[in-house]
Structures are given as C-alpha cells and as structure tokens.
Amino acid sequence: MRRWSHHRSGRPRQEKHFTGPAVSPDRPVSHEERARELRLKLQEMGPEYRCFALYLSSRIDLLPAEYCRELALTPDSEVPLSPETVWQLLERELGAALKSAFATFDHLPVKSDLLTQHHRAQLKTGAQVEVVLLRPSFYSFHEQPNFSLANISPTQEPWEDALTPDVFDDFENVMRRKTSLIEAREKMELLARDAASDEMLQSHRSYSELCTGRVLTFEPGEARPPDATGRARHGANDLARRICHGWLRQALHGRCFPVDPWIHNIRVAEDNRISFLNCDLAVLPGGVRENLSGYLNALLTDDPDKAMMCLLREMRPPSGRKADTDSLRSNLRQAAHFGMLEPVLGTNSNAMAQLVFQHCRTAREHGYSPGPNLLCFYRGLFSIARVARQICPAGDPLREGLEELRTSGAFDQMREVMDWRYWYRNSDKFASAMIHLPRIFDSALNKASSAAPEAAPHDAPYPTGARGRNSTDKLILLAVLLVVISQLPATHGWSGKIVPLALMLAGFLALRSR
C-alpha cells in the first residue's frame, strides 16, 4: 500500500523550496495569495498533485475557505490519449467483446479529466453508451511511493499544520475508490437499486460484461447538467432544493452517496429526477446514518444537546487529555464562526452548512476529530452546498431540502404502515402479541364491571347500561393498542412507524371515553 509523506514525516527536506512570487516584507501575505501559491505549485507537480488540490478544496472543515475556493480552480483536465492508445487499452481490457459488442466507437473523447477519459459509443443492440477509461498513469497508483510535499516550503501557513497523516490517509482512500472502475460500477448498481423505489433518483444501466477495473461502460441517458437552461425550466430555487433533497436522501437513507459532487457530476432529467455521475461514491454504515440523521434533525429543531450527542458518536475523542464535555456543550450552544464560509457559501451565516461548520470547528477546538465516515459526510455536505449556491445564490436550499426530506419521510412511513404488505411481512410478530389478548380482555372486563356505575341523566338518549358497555369497548380497544405497542420494540425498527399512529388512536379513544 502506498505510504504518503509530507514535510512533517521526518524525511529530509530538499534544499530548493517553492516560495511563490516575491512580496513586500512590510506587507503581510493574505490567505488568497498563499492559496494561489499553493494551487500553482500543485498544478506544476503533476496530475496526482492536482487531484490532491481538488481533494483539499472539499476540506472546508480543515482549511480556510479562501484556500478551498482557490484550490477548486485547479483544472480537472488532461491531454487526451491518442486514438491508437485508446484502442490498445480497450483491446487489452475487453478482448473479443470489443468488436462483438460495439457497433460504433468515437475515438475523440467527450471529456478528458485527470483520472479518466470518456468516449461515446453505440452497442450493436442500438443502445447509446459512454465508455470511461482509467488513465494508464494511475494503473499502479497504490504501488508507487512517490507522492511527497517535502519540496514545498514548510512556512506556508496556515495550511502546513492542517496536513496531518490523517489527511493523507483519507486522500489515499479516496483515490483507491476513484481508480477502481469496477468498484464504481458496483456503486452505480447500488444507486440503481435505490432508484427503483425512489421517484426522485434516476439510475443508469451499466454493462458488467463491458466493465473491468479500468473500463466502465454505462448508459448516460438524456439527462442534462443543471445549466442555465435547466434552471430556467425547473426554477433555480426548486432545482437547488431538489438536488439537496436527493443528496440528503442518499446520504441518510440510501445504499451509497456521492462524496465530492461538482455541478458537472449532476444530471437532471425532464421528469425532474436527479442523478450523480462520475464522482466518488461511498457507503455509510446504518448506525452512522442514524446518528447523522439525528444530528441534522436536532439542528432543525434547535436542540444543541442532542446534536452534540449524535455528533460526538462519530468523532474521535481528544488524545492525551480528558474531554471537557461540559465546556464543549456550552460552546456548541454559542458557537460563533459566522462568516468563515463566506468565500465559498456566501454571506448567509445562518445557513445549514454554516451551522454544521460551526459545530465541526468547535469540536475540533476541543480536541475532537471526525472519523472517516463523518469526514465523507462533511465533504459531501459542503460540496453539495457549494453546488446549490452555484445554482441558486439566495436562500438556504440545504435546509429546505432537509425539511422536505423529513416531510416526505413521514408520508412514506404512513403509506408503508397502511400497505397490506407491511402487515403480511410482520404477521408473525403481531400474532405473538395477539396470543395474550384473551388474558388482557378478561382483565379489562373485570375492571370495567367492578367500576362504580355512573348515574345516568334523566334525559339520556340511550339506556343506562349502554354507557358502561361503550366504556368497556373503549377499554378493550385501548388494551389491544397497548399490547401491540408493548411488542413493537422487538420488530427491528418498525416501532418508529406504528407507535405514533397507535398513540394517536389511543389518545382519541381516551378523549372520547370522558
């Protein structure tokens, strides 16, 4: 496995350092100037370093926003491979399937980025496909230990202290996913499975027989990027909110989600369905999704204590000292990092992304650091917030998307509970609860019969005994609901869907019995 190194790794530093353009000794160097120096140097050092610059541009949790904005200007492009090289690579990877499957193949790429090259083609079945080729320079990426920042001056504050070994480890994980096109195809299949039951998400069919670790073949469809035409057709605010909603739905409830989406990675179909193409896709464990969902919901409801509890579950505690949770709780309630994201996300300091950033920075100041799963989520959330701002500079589409996700989730749970298939799938669980109903009925009847009878008013419109029977019926129904509720914790998460309905019905019956 490749081991990254940088100027704090103990390796001898080279004599020649990059110091950037000369500046007056009397004038302090601004963040913007230092960020530009860093970007230009990384661009000069080759495609791997340009990939690293783009990676750092998504680390809003780590670097000043001026650095993230400047590093995002790093060109994600490379000189196209020659047609002869393209054909040789395809023959080596696909073999006989190359000639038997393709009717036409355009050797001129539609896109040539740092890692891959994209070509249009048509299968003999008539399907229009896009063929993605991994560049040969990244074939042995993990076996070449030549990535080093030792030749960059260590006086380039403030980013030098931020480049800890954890940063390089995470970059290694990112590049491992990006340079394995077979893993990319597997993640596309996961997105397709989510899209089958999600009217918001669009899937893209991939061809396993025409895919390898270095070649990916899929149907791009007719969806278009969210350009000016798309914004005019769908509405800029609605489009930005829908993209945020779709990303949040995948991150919190989907099988995988895009970690570093740029605006050119997003497609919008005529029916408003969203798709994410050619970006880093990651999987969050179920427990992590639950914690992050609780954290974001706590932000919406202005519950800092619950937000802190959910957030710290996904962060590493301080090393070498005891965590001061009381101080952290107090500082989270009054966290003030307003305006620090202005160069990237605008001036709305109350935006959802700004609040997440405040909590992240406050936790870091208390010695906590995000775990790998939380780091993926942070990068994705800040990236999608940046995309939303490009589409709609005003408002807070991320917050609106989260509120829409909560609302749609409540309706989805209601529809699921009312579906007969839900009751069929869980019939064995409810049957076990029903076994105890005779005993509950007998107890309820005994309590009702032993209660002191009420004096019936003279003008009662029904017989005196009817009121007692009516109360007994309601007690029986309440008993049934209580039995069902008592058995629901063992139904693996279904209690969160049925308990609210059961409690509403129980409350209604209790009110009617008065």
Side-chain angles (χ1 to χ4, degrees), residues 81 83 85-107 109-142 173-223 246 250 253-261 264-267 269 273-285 376:
L81 301 171
T85 303
V86 169
W87 194 253
Q88 291 173 2
L89 295 177
L90 287 172
E91 282 187 327
R92 185 168 59 200
E93 292 297 318
L94 301 181
L98 177 61
K99 294 182 179 180
S100 62
F102 292 97
T104 61
F105 189 94
D106 189 354
H107 289 83
V110 294
K111 185 171 67 170
S112 179
D113 54 34
L114 290 172
L115 289 173
T116 57
Q117 187 163 297
H118 301 246
H119 296 263
R120 289 195 180 99
Q122 183 179 14
L123 302 181
K124 291 187 176 180
T125 60
Q128 300 290 331
V129 297
E130 185 171 313
V131 181
V132 182
L133 301 176
L134 180 68
R135 291 188 175 278
S137 58
F138 288 95
Y139 280 5
S140 56
F141 177 80
H142 301 290
N173 292 332
V174 170
M175 294 300 291
R176 185 184 297 112
R177 293 193 298 263
K178 283 178 169 287
T179 56
S180 175
L181 297 187
I182 195 68
E183 183 174 345
R185 188 193 72 81
E186 293 171 353
K187 300 291 177 54
M188 288 184 68
E189 291 296 323
L190 294 179
L191 284 178
R193 291 170 61 185
D194 287 337
S197 58
D198 188 350
E199 60 183 14
M200 175 174 291
L201 188 65
Q202 183 184 33
S203 63
H204 297 270
R205 178 187 177 186
S206 60
Y207 295 83
S208 58
E209 66 277 10
L210 299 176
C211 295
T212 68
R214 301 167 181 175
V215 177
L216 172 63
T217 305
F218 67 94
E219 292 183 4
E222 300 298 327
Q250 282 305 118
H253 305 294
R255 292 177 173 86
C256 65
F257 75 104
V259 176
D260 59 350
H264 58 265
N265 297 126
I266 298 173
R267 297 290 186 273
R273 287 184 298 166
I274 307 296
S275 60
F276 301 93
L277 287 175
N278 305 315
C279 51
D280 182 21
L281 298 173
V283 178
L284 292 179
C376 283

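What you see below is based on every heavy atom in this structure, not just the backbone, and it leaves out hydrogens, waters and symmetry mates.
Judged as a side chain to side chain contact (heavy atoms under 4.5 Å, CB included), and not counting sequence neighbours, the contacts of A101 are L210. Annotation: side chain to side chain donor-acceptor pair (under 3.5 Å) contacts of R273 (sequence neighbours excluded): D271.
Nearest approach of L216 to A184, heavy atoms of both residues: CD2-CB, 4.5 Å. Nearest approach of S203 to A195, heavy atoms of both residues: CB-CB, 3.7 Å. In terms of heavy-atom proximity, A127 sits nearest to E219 at CB-OE2, 3.6 Å. Heavy atoms only, all atoms of each residue included: C279 and D260 are closest at CB-OD1, 3.7 Å.
Each salt bridge (Lys or Arg N to Asp or Glu O under 4.0 Å) pair with one or both residues in residues 87-101, not counting sequence neighbours, appears once here: E93-R214. Note on residues 114-135: pairs passing ring-ring contact (aromatic ring centres under 6.0 Å, His included), not counting sequence neighbours, are F105-H119. Counting only residues at least two apart or on different chains, no salt bridge (Lys or Arg N to Asp or Glu O under 4.0 Å) pair has a member in residues 119-136. Identified under the salt bridge (Lys or Arg N to Asp or Glu O under 4.0 Å) test for residues 199-208, with sequence neighbours left out: none.
The neighbour count for E209 CD, taken as heavy atoms of other residues, nucleotides or ligands under 6.0 Å away, is above 12.
Note on D194 versus R255: salt bridge recorded, some NZ/NE/NH1/NH2 to OD/OE distance being below 4.0 Å. Ion pair E189/R193 not flagged as a salt bridge, since none of the NZ, NE, NH1 or NH2 atoms sits closer than 4.0 Å to an Asp/Glu carboxylate oxygen.
Note: Q202 CD to S275 OG = 4.5 Å, rounded to the nearest 0.5 Å. In this structure, CZ in F276 is found 5.5 Å from CD1 in I266, a value given to the nearest 0.5 Å. Annotation: the span from L123 atom CG to F102 atom CZ amounts to 6.0 Å, rounded to 0.5 Å. To the nearest 0.5 Å, atom CG of residue L94 and atom CG of residue L89 are 10.0 Å apart. Distance check: M175 CE to S180 OG gives 12.0 Å after rounding to the nearest 0.5 Å. Within the model, atoms CG of L181 and OG1 of T217 stand 9.5 Å from one another, a figure rounded to the nearest 0.5 Å.
Screening E186, K187, M188 for a side-chain contact (heavy atoms from CB on, under 4.5 Å) with L190, the sole residue that qualifies is K187.
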